[in-house]
Amino acid sequence: VAFSFAAGADDIGQMSTHATRELATPKLGEHALVVGAGIGRLSCGRVLGVFSERARLLERDALGPSPAARPGLPHARHGDVLLGAGARLLEDWFPGLSLELERRGASSYDVGSELCSEWPEGAWPLQRLELRGCSATRPLPEACLRSRLLQSDRVSLRSEAHVIRLLWRRSRVVGACVRLSRGTLTE
């Protein structure tokens, strides 16, 4: 069971290429565990779904198919943007994501001419860059990523599952003690 995943930006880009284009990938292990189901953890689930036999995400909040604010997402009603490399990476891992976001109400804009940036030296000059950005509140991209991720038969998600502690064996995480929504504990 893998608890967390960390890599530098270059490593992530390389994994994206390998994850989406190589047929035979080396496996990290049979099972991977991801605690949380925000944008970063959904992306982690995407990678671990390729590099392990099965990946399981555990999220303490209730999640439905529609975008909705939730307690574990304190800035859910604030505007959020997907920029450059991050947007390209998500598009590579989840093809058609940007079109789905726009279709479901996200705003698309040119980063250079339609986004005002203020710096200590003054405003950044507006100029068309042909670099598209996407803006929405956080629940929308999460819902889109979640529905796409769960199309894989190697990735599953359990909501209303609060991780109490990780279970260790010989310096490895082998599971988690989880409190389910009905108050029952499971390992």
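Fair warning: this is a prediction, and the values are worked out from it, not measured in the lab.
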Name all residues meeting the side chain to side chain donor-acceptor pair (under 3.5 Å) criterion together with [X]; count only those two or more places apart in sequence or in a different chain, and write none if there are none.
| X | value |
| --- | --- |
| R56 | none |
| S98 | E91 |
| R128 | S113, E130 |
| E114 | none |

Would you say [X]'s side chain and [Y]'s backbone share a donor-acceptor pair under 3.5 angstrom?
| X | Y | value |
| --- | --- | --- |
| S152 | L149 | no |
| E30 | E53 | no |
| D110 | L129 | yes |

Sequence neighbours excluded, which residues qualify as salt bridge (charged side-chain N to carboxylate O under 4.0 Å, His left out) partners of [X]?
| X | answer |
| --- | --- |
| R170 | none |
| R158 | none |
| R60 | none |

Which atom names give the shortest non-hydrogen contact between [X] and [Y], and what distance separates them?
| X | Y | answer |
| --- | --- | --- |
| L180 | A161 | CD2-CB, 4.2 Å |
| A106 | A136 | CB-CB, 3.9 Å |
| G36 | R41 | O-CB, 3.3 Å |

Note to self: By the salt bridge (charged side-chain N to carboxylate O under 4.0 Å, His left out) test, which pairs, at least two apart or in different chains, include something from residues 136-148?
What the structure shows: R70-E142, D80-R138, E100-R148

Flag the pair [X] / [Y] as yes when at least one side-chain heavy-atom distance between them is below 4.5 Å, and no otherwise.
| X | Y | result |
| --- | --- | --- |
| W168 | V173 | yes |
| L97 | L145 | yes |
| V155 | L57 | yes |
| C144 | R104 | yes |
| S159 | L157 | yes |
| W93 | V47 | yes |

Distance (rounded to the nearest 0.5 Å) between [X] [atom1] and [Y] [atom2]:
| X | Y | atom1 | atom2 | result |
| --- | --- | --- | --- | --- |
| L48 | R154 | CG | CZ | 10.5 Å |
| R172 | L167 | CZ | CG | 13.5 Å |
| L33 | R54 | CG | CZ | 11.0 Å |
| C134 | L101 | SG | CG | 4.5 Å |

Who passes side-chain contact (heavy atoms from CB on, under 4.5 Å) against [X], sequence neighbours left out?
| X | value |
| --- | --- |
| V81 | L83, Y109, S135 |
| L99 | none |
| E118 | C116, A123 |
| T137 | P139 |

Next item on the list: Group every Ile, Leu, Val, Met, Phe, Trp and Tyr by side-chain heavy-atom contacts under 4.5 Å, then state whether L73 and L58 land in the same group.
Entry: no

Note to self: Are F94 and F51 linked, directly or through intermediate hydrophobic residues, by side-chain heavy-atom contacts shorter than 4.5 Å (ILVMFWY only)?
What the structure shows: yes

